[in-house]
Amino acid sequence: MIKAKWAVAVLLALSCMSANAGSQVGKVGYLLVRASDGLVYFTIEGAAKIDSPACAKNTYWMIRDENSEVGKKQYAMLLAAQASGRELTVRGMNTCNRWSDGEDLDWLQLR
């Protein structure tokens with residue numbers, strides 16, 4: 001019985017921990033697409049990136065799946081923002097699945 005109560009307490013404590021997902025606002029700094037593996041990553045100029053997960057040791061962002069419909073739309077929005085000079089709001093997924101030291105992109109908002 002004590003073990004069960006302890007396990008429940010640990011699970012409750014873990015569920016209360018907040019997950020950090022990075023965010024940033026600014027203009028597209030650089031945008032890179034690699035032929036070797038299709039990786040698309042970019043930086044945002046302006047305000048510093050905040051609330052990134054520990055795995056995101058660098059300031060760039062990654063499109064998680066550049067071959068998906070969402071990834072293609074995100075890439076198109078990045079190109080449009082860079083070409084027009086408009087700012088973006090960027091929000092991460094709190095993961096570094098596409099590359100081990102850059103946060104995966106969740107959404108973009110053209111400002």
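Everything numeric in this text was worked out from a predicted model, so none of it was measured.
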Pairs where residues 33-45 contributes a residue and the test side chain to side chain donor-acceptor pair (under 3.5 Å) is met, not counting sequence neighbours:
Arg34-Asp37

Anything under 3.5 Å between a donor and an acceptor, one on a side chain of residues 75-85, the other on a protein residue two or more places apart or in another chain? List them.
{"residue": "Ser84", "atom": "OG", "partner": "Ala80", "partner atom": "O", "Å": "2.9"}
{"residue": "Ser84", "atom": "OG", "partner": "Ala81", "partner atom": "O", "Å": "3.4"}
{"residue": "Ser84", "atom": "OG", "partner": "Arg86", "partner atom": "N", "Å": "3.3"}

What one should report as the nearest heavy-atom pair of Cys96 and Pro53 is SG-CG, 4.5 Å

In one Ile/Leu/Val/Met/Phe/Trp/Tyr side-chain cluster, 4.5 Å: Leu110, Leu108:
yes

Asp65 (side chain) donor-acceptor with Gly71 (main chain) under 3.5 angstrom
no

Which pair of non-hydrogen atoms, one from Val40 and one from Glu66, has the smallest distance, and what is that distance?
CG2-CB, 4.0 Å

Atom pair CG/NZ of Asn67 and Lys72 - distance to nearest 0.5 Å
6.5 Å

To the nearest 0.5 Å, how far apart are NZ in Lys73 and OG in Ser68?
9.5 Å

Minimum side-chain heavy-atom gap Trp107-Thr89 below 4.5 Å
yes

Whether Glu103 side chain and Thr59 backbone form a donor-acceptor pair below 3.5 Å:
no

So if you build clusters from Ile, Leu, Val, Met, Phe, Trp, Tyr with side-chain heavy-atom gaps below 4.5 Å, do Val90 and Met62 land together?
no

From Asp101, Leu31, Leu32, residue fulfilling side chain to side chain contact (heavy atoms under 4.5 Å, CB included) relative to Tyr60:
Asp101

For Asn97 and Arg64, what are the C-alpha separation, side-chain angles and deciding distance, and is it a side chain to side chain contact (heavy atoms under 4.5 Å, CB included)?
CA-CA 7 Å; Asn97 293 328; Arg64 185 171 177 178; 3.1 Å; yes

What is the distance from atom CG of Asp104 to atom SG of Cys55, rounded to the nearest 0.5 Å?
7.5 Å

Establish whether Leu39 and Val70 are linked, either directly or via other cluster members, by ILVMFWY side-chain heavy-atom contacts under 4.5 Å.
no

Distance-minimising heavy-atom pair for Leu105 and Arg91
CD1-O, 3.7 Å

Is there a donor-acceptor contact under 3.5 Å linking the side chains of Gln24 and Trp61?
yes

Take Arg111 and Leu88 through the side chain to side chain contact (heavy atoms under 4.5 Å, CB included) test and state the conclusion after the steps.
CA-CA 6 Å; Arg111 297 172 60 96; Leu88 290 169; 5.8 Å; no

Count I, L, V, M, F, W, Y as connected when their side-chain heavy atoms are under 4.5 Å apart, and connections chain through other members. Are Val33 and Ile63 then in the same cluster?
yes

